[in-house]
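Report on one structure; see the data block that follows.
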Amino acid sequence: MMDDENQSSGVSAEAPASAEEPESGSGDKPQPTPGRRRRLIIIFAVVVAAVAAAYLIYDHLVLSRRVTTDNAYVAAETAQVTPLVGGQVVEVGVSNTQTVRAGQPLLRLDDADLQIAVAQAEADLAAAERRYGQTAATGEALQAQVAARAADVNSARAQLAAARGSLERAEIDFQRRQALVSAGAVSGDEVTSATNALRTARANVVVAEAAVSQAQATRTSAERDRAANAALTRGTTSRTAPEVLTARARLRQAKLDVSRTVVRAPIGGVIAQRNVQVGQRLSSGTVTMSIVPVDRLYVDANYKEGQLSHVRVGQAATLVSDLYGDDVVYHGKVVGVAGGTGSAFALIPAQNATGNWIKVVQRLPVRIALDPRELRAHPLRVGLSMDAKIDLSDAE
């Protein structure tokens, strides 16, 4: 009995100890009360609401006033170098990646044939000047001929007057002898002689009149020749005559062709795509290389069509290049919006009038001019990627 009691008492003595173990564990990690849990949920909800409100305010005041895109690339108005005359290349003075200035010689063509053309043009000019001098001298000679023909007319008229005087004397002499024939005062031979003299005088008058007409016609012909020759030189000199001017223009053209055998840089920049070698035969207009004006670059930012409703020319823009990262920020200005999307000007444009049509958001290039001073400080190259951000504050 005593053992049973001891066992029962042992059991009862150990029971309180086991009942206290959970309490000791709960004392190390206290369980949150319902009120505390409710406060934590409220605080979390307030924080989330504050963050959402802050984002909405930031979106309304900042993000809604800007449009951004990373689909932007550096571009430039690249100049293609083409010779204006044909010939064989004898010298190439530049290579790819080399910086050149405007007017710097890039390559030289053989000018032997063109030098011959210059000599021929000089000879043609000298011949034209000589022809003009000959024409002017001919005009003076024709003027002298006109004067001579006028003298011939005067001489012929004098001879006509003399012939008419002889005719009058012959007529008077013939009439006198005729009057004396009936009285027998003159012989028949005298009458015959007077008759013949009268006929000769009449013939001489006819000849003299013909000579006057011929002299007048000759003078008229000489005057017309002089007028025709004068028309070639009227109002001109040996320097302003049309044929002289033509010859001089051909000489200038020949010399210009010679000067064009030295091909010079039309703008300053960096050489790219050089595809010409010494000994190569070029024709006029062959593209030999390109020049990229690295100090006049711009950015073509391809914005989605839904971003462009408030984009206007003149708005400010900030740009970041992948080359330099966020440490370098470029400042630019919107200078224009393309006239169409890239798909509209594609070699094979998309045909949307089909049954299997899928709407694709289009992008429209926006050109942004860069600050030349920033380009000199941090040079860029054509084709580099940019992140563009346009400020829409002055959209209205």
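Both backbone and side-chain heavy atoms feed into the values below; hydrogens, waters and symmetry mates do not.
T288 is not listed as a side-chain neighbour of V263, based on a closest heavy-atom distance of 4.5 Å or more. Taking the side chain as every heavy atom from C-beta outward, V329 and L319 never approach each other to under 4.5 Å. Looking at heavy atoms from C-beta onward, Y303 lies in side-chain contact with V67 at the 4.5 angstrom threshold. Residues V366 and I390 meet the side-chain proximity criterion, which asks for heavy atoms closer than 4.5 Å. Residues R248 and E122 have side chains not in contact (no heavy-atom distance under 4.5 Å, counting atoms from C-beta outward). In this structure, the side chains of P105 and V262 come closer than 4.5 Å at one or more pairs of heavy atoms. The closest side-chain heavy-atom distance from V328 to Y330 is below 4.5 Å. Between N71 and R363, some side-chain heavy-atom pair lies under the 4.5 Å cut-off.
A single hydrophobic cluster is seen to contain both V292 and M386, as judged by linkage of ILVMFWY side chains at heavy-atom distances under 4.5 Å, directly or through other members. By the criterion of side-chain heavy atoms lying less than 4.5 angstrom apart, applied directly or through intervening Ile, Leu, Val, Met, Phe, Trp or Tyr residues, L392 is grouped together with L364 in one hydrophobic cluster. I291 and V294 fall into different hydrophobic clusters, where Ile, Leu, Val, Met, Phe, Trp and Tyr side chains are chained together by heavy-atom contacts under 4.5 Å. Each of Y298 and V270 belongs to its own hydrophobic cluster when Ile, Leu, Val, Met, Phe, Trp and Tyr are linked at side-chain heavy-atom distances under 4.5 angstrom. Under a hydrophobic clustering in which Ile, Leu, Val, Met, Phe, Trp and Tyr are joined whenever their side-chain heavy atoms come within less than 4.5 Å, directly or via other members, Y324 and V299 fall into the same cluster.
Residues Q273 and S290 bring a donor and an acceptor atom of their side chains to less than 3.5 Å of each other. A donor atom on one side chain and an acceptor atom on the other are not found under 3.5 Å apart for T138 and T135.
Here L142 contributes atom CG and R149 contributes atom CZ; the two are 11.0 Å apart, rounded to the nearest 0.5 Å. Taking CD1 from I267 and OG1 from T78, the interatomic distance works out to 7.5 Å, rounded to the nearest 0.5 Å. Going from atom OH of Y73 over to atom CG of L384 covers 11.0 Å, rounded to the nearest 0.5 Å. Atoms CE and OG1, from M289 and T82 in turn, are 11.0 Å apart once rounded to the nearest 0.5 Å. Put simply, CD on E305 and CD on Q362 are 6.0 Å apart, with the number rounded to the nearest 0.5 Å. Note that CG of D327 and NE2 of H378 are 9.0 Å apart. Values are rounded to the nearest 0.5 Å.
Q104 places no side-chain N or O within donor-acceptor distance of the main-chain N or O of A265, the cut-off being under 3.5 Å. At least one donor-acceptor pair under 3.5 Å links the side chain of Q315 to the backbone N or O of H310. Remark: the backbone N or O of R376 is not paired with any side-chain donor or acceptor of D295 at under 3.5 angstrom. Between the side chain of R239 and the backbone N or O of T236, no donor-acceptor pair lies under 3.5 Å. In this structure a side-chain-to-backbone donor-acceptor pair under 3.5 Å is present from Q307 to T68. E223 places no side-chain N or O within 3.5 Å of a backbone atom of V146 that could act as its donor or acceptor partner. A distance-only check finds a donor-acceptor pair linking the side chain of Q280 to the backbone of Q277 [under 3.5 Å]. For the pair R274 (side chain) and V276 (backbone), a donor-acceptor distance under 3.5 Å is present. Remark: the backbone N or O of L256 is paired with a side-chain donor or acceptor of S259 at under 3.5 angstrom. With hydrogens and angles disregarded, no donor-acceptor distance shorter than 3.5 Å links the side chain of S221 to the backbone of A217.
Tested against D70 for a side chain to side chain contact (heavy atoms under 4.5 Å, CB included), the candidates V320, N302, D387, D322 yield a single pass: D387.
For Q98, the CD atom is densely surrounded, since the number of other residues' heavy atoms within 6.0 Å is greater than 12.
Looking at E209 and R164, a side-chain N of the basic residue comes within less than 4.0 Å of a carboxylate O on the acidic one, giving a salt bridge. Between D300 and R367, at least one side-chain N (NZ, or NE/NH1/NH2) sits under 4.0 Å from a carboxylate O, which counts as a salt bridge. Electrostatic pairing of E243 and R250 does not count as a salt bridge here, judged by no charged N lying under 4.0 Å from a carboxylate O.
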Verdict with supporting geometry, I271 and T97, side-chain contact (heavy atoms from CB on, under 4.5 Å): CA-CA 5 Å; I271 298 296; T97 72; over 6 Å; no

Derivation of the side chain to side chain donor-acceptor pair (under 3.5 Å) call for Q88 and R281: CA-CA 4 Å; Q88 186 178 21; R281 178 77 181 183; 5.8 Å; no

Trace of the side-chain contact (heavy atoms from CB on, under 4.5 Å) decision for V46 with I42: CA-CA 6 Å; V46 170; I42 293 173; 4.3 Å; yes

Check against side-chain contact (heavy atoms from CB on, under 4.5 Å), V90 and L109: CA-CA 5 Å; V90 296; L109 306 178; 5.9 Å; no

Criterion side-chain contact (heavy atoms from CB on, under 4.5 Å) on L380 and S321, from CA distance to verdict: CA-CA 9 Å; L380 295 173; S321 170; 3.8 Å; yes

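Contact detail for S284 and L84: the closest heavy-atom pair is OG-O, 3.1 Å. Among all heavy-atom pairs drawn from V244 and A128, the shortest one is CG2-O, 3.8 Å. Residues S283 and P83 share a closest heavy-atom pair of O-CG, 3.9 Å. Here the closest non-hydrogen pair linking P266 and A79 is CG-CB, 4.1 Å. A pairwise comparison of heavy atoms in V287 and Q80 identifies CG2-OE1, 3.8 Å as the closest pair. Nearest approach of A301 to A72, heavy atoms of both residues: CA-CB, 3.7 Å.
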